[in-house]
Amino acid sequence: MKNKIFLLVLDGVGLRNFAYSNFKQIGEKKNNNVVFWNKTHFSIESLGFNEIKIENQKIHPLTDTLKKAKKDVNLNVFINRTKDKVYNSYKFKFSYKNFNASVKSSLTRLLIFLLSNEKGLKLLDKYINYFERKTKYYTYCKNVLQVEKPSIIFCTSQRHVQSIAPLLAAKDLEIPTASFIFSWDNIPKATMVVETDFYFVWSEHMKAELIFYHPNIRENQIIVTGTPQFEIHFEKNSLMPRSDFFEKYSLDIDKRYICFSGDDVTTSPDDPKYLQDLAESIIRLNNKNHNLGIIFRRCPVDFSTRYDEILEKYKDIIVTIDPLWKPFTSHWNTILPTKEDGILFSNIAEHSEMVVNLGSTTLFDFVAHNKPCGYFRYNQKIQKNPNWDIFRCYKFVHFRSMHSENSVIWLDSPTAIDEKIEMVVNNNHQKQIDDAKKWFQKINQHPVEQASERIWSAIENIITK
């Protein structure tokens, strides 16, 4: 008999990592029956895959408030444990925009005040589980699992409150559960919402973080596998010839392009000005007989017009290649990636000289193609938000894993950009690529392209225990 593997998918990251990759095909070659338990707006069935849609199911009205309190309590516990105030940077502001928001924020703050310790965390978990077990959502999940009888529930994200009821139902039916920590920066941010039997992480570094931040999790519950996120960059059959790529996206075959990877409005409110600084640098370099251009890839959930003026002003050197994401509703969290976007991004990395941005994981996407990354590291003289500070970004805990300062090409002023880009186009950047690869090896298990294989091996070991 085939093992029936339920993949609980709740967002675009889960789709990208497990539906758009070769993960399902690898599992089925190992004689597993893969079923996507899908709570996104995307039809995984349209890919020809087995899916069970979770529709019209809601969490308990108090769960989201308890979850928000739990996050801040966790961060307060981290501060007390480490004496490090950096964890305050991960806290979100409270909303008082209307009566309901004000009530929720007031209750959340009260819970944080009363429960900011290890015992408080356990109490919050207890009540979250209690209320979720009272929902129709939990009953629905339990009924599905009783009928389907899967061998394991593999949750593709550790941070979604919508995953609590399905995992509780599985636990109560004694079905093994596992969750995937989907990003390298998630553990210090206190994004752990779920409790499962096993936790899959990118690296030994993340395993050590999980043990440190969540001492209730035992070492034998943590499995190092890497992430399918970067596998697309090693699929050579997905890469277009340079001439075909340039023709399709109206690029000048005689130019060499720098990719500007945009951030969202919150992460980088002055992003258009950084794009302008790059464009001015490219103009100066072209006046020195270089022949350069910019590929602009906006943040997939940023549909604002904030770049329009810059894109028009520098239309002779900036070519926009928009991400292939699809909005299913007007809410930002229902804008989901497509399989084609992963292929597009891999081709952009392959056919660009480098990527520049503000502290993005795209560094690892590009180094998979032996291309360097430049990080902006200066504030604009006139800022949209005077309280925003670019230097705060690089103090986040996940940047402490950096192999060395040379892992990134630092862009420390508008005028300094010229020299750094010239260094890249003259091929004097091997040190940065070598150090970036060492950083990549630290935060993600290698060989990168075997992550799905390692995940499947671990799932089968759990089932056969």
Q. Just how far is it from atom SG of Cys141 to atom CZ of Arg133, taken to the nearest 0.5 Å?
A. 12.5 Å
Identify every side-chain donor-acceptor pair in residues 144-155 under 3.5 Å, counting partners at least two apart or on other chains, and give the distances.
| residue | atom | partner | partner atom | Å |
| --- | --- | --- | --- | --- |
| Glu148 | OE1 | Lys4 | NZ | 2.8 |
| Lys149 | NZ | Gln146 | O | 2.7 |
| Ser151 | OG | Lys4 | N | 3.4 |

**Q.** Pairwise distance CG(Asn186) to CD1(Ile181) - rounded to 0.5 angstrom
**A.** 7.5 Å
Q. Would the Phe36 and Phe6 ring centres measure less than 6.0 Å apart?
A. no
Q) Hey, does the side chain of Thr40 reach the backbone of Phe42 with a donor-acceptor pair shorter than 3.5 angstrom? A) yes
(Q) Are the side chains of Arg377 and Tyr394 in contact, using a 4.5 Å heavy-atom criterion? (A) yes
(Q) Main chain of Asn444, side chain of His446: is a donor-acceptor contact present, judged purely on distance under 3.5 Å? (A) yes
(Q) When you compare the side chain of Arg306 with that of Val265, does any pair of heavy atoms fall below 4.5 Å? (A) yes
Q | Set of residues satisfying side chain to side chain contact (heavy atoms under 4.5 Å, CB included) with respect to Thr266, sequence neighbours excluded | A | Asp264
**Q.** Worked verdict on Phe18 versus Phe180 for ring-ring contact (aromatic ring centres under 6.0 Å, His included)
**A.** CA-CA 11 Å; Phe18 297 99; Phe180 182 68; 5.4 Å; yes
Q.
As an exercise, state the distance from CD of Glu195 to OG of Ser163, rounded to the nearest 0.5 Å.
A. 11.0 Å
Q. When rounded to the nearest 0.5 angstrom, what is the spacing between CG in Leu15 and CG in Asn38?
A. 6.5 Å
Q | Any donor-acceptor N or O pair under 3.5 Å, side chains Asn357, Asp263 | A | no
Q. Does any N or O in the side chain of Asn461 come within less than 3.5 Å of the main-chain N or O of Ser457, such that one atom is a donor and the other an acceptor?
A. yes
Q: Please test Asn129 against Lys134 for side chain to side chain donor-acceptor pair (under 3.5 Å), starting from the C-alpha separation and ending with a verdict.
A: CA-CA 9 Å; Asn129 294 345; Lys134 298 293 183 183; over 6 Å; no
Q: Compute the ring centroids of Phe440 and His403, then answer whether they are less than 6.0 Å apart.
A: no
**Q.** Donor-acceptor pair, side chain of Asp341 and main chain of Trp325, under 3.5 angstrom
**A.** no
Q. Sub-3.5 Å donor-acceptor pair from the side chain of Glu132 to the main-chain atoms of Thr63, do we have one?
A. no
Q) Given Asn74 and Tyr87, is the side chain to side chain donor-acceptor pair (under 3.5 Å) satisfied, shown in steps? A) CA-CA 9 Å; Asn74 241 322; Tyr87 300 98; over 6 Å; no
Q.
If I take atom NZ from residue Lys71 and atom OH from residue Tyr90, how far apart are they, to the nearest 0.5 angstrom?
A. 9.0 Å
Q) Taking C-beta and beyond as the side chain, do Arg16 and Ser21 meet within less than 4.5 Å on heavy atoms? A) no
Q. If you measure only the distance, is there a donor-acceptor pair under 3.5 Å linking the side chains of Gln445 and Thr225?
A. no
Q: To the nearest 0.5 angstrom, please state how far the CD1 atom of Ile310 sits from the OH atom of Tyr307.
A: 10.5 Å
Q: Could you tell me which non-hydrogen atom of Ser116 sits nearest to which non-hydrogen atom of Asn80, and how far apart they are?
A: O-ND2, 4.3 Å
Q: Just do the ring-ring contact (aromatic ring centres under 6.0 Å, His included) check on Phe230 and Trp202 with the steps written out, would you?
A: CA-CA 11 Å; Phe230 302 108; Trp202 288 20; 5.7 Å; yes
Q.
Checking the side chain of Arg454 only, and the main-chain atoms of Ala458 only, is there a donor and an acceptor separated by less than 3.5 Å?
A. no
Q) Can Asp11 and Gln162 be counted as having a side-chain donor-acceptor contact under 3.5 angstrom? A) no
(Q) Taking ring-ring contact (aromatic ring centres under 6.0 Å, His included) as the definition, give me every residue that meets it alongside Trp439, ordered by chain and number, with sequence neighbours left out. (A) Trp184, Phe364
Q) Checking Asp185 side chain against Val397 main chain: does a donor-acceptor pair fall under 3.5 Å? A) no
Q.
Applying side chain to side chain donor-acceptor pair (under 3.5 Å) to Thr196 and Thr177, what does each step give before you reach the verdict?
A. CA-CA 5 Å; Thr196 51; Thr177 58; 4.9 Å; no
Q.
Whether the side chain of Trp456 engages the backbone of Phe23 through a donor-acceptor N/O pair (distance < 3.5 Å, no angle test) should be reported.
A. yes
Q. Do side-chain atoms of Ser346 reach the backbone of Ile343 as a donor and acceptor pair under 3.5 angstrom?
A. no
Q | Flag, side chain of Tyr378 to backbone of Phe391, donor-acceptor distance under 3.5 Å | A | no
**Q.** Distance-only side-chain donor-acceptor flag, Asn33 / Glu28, under 3.5 Å
**A.** no
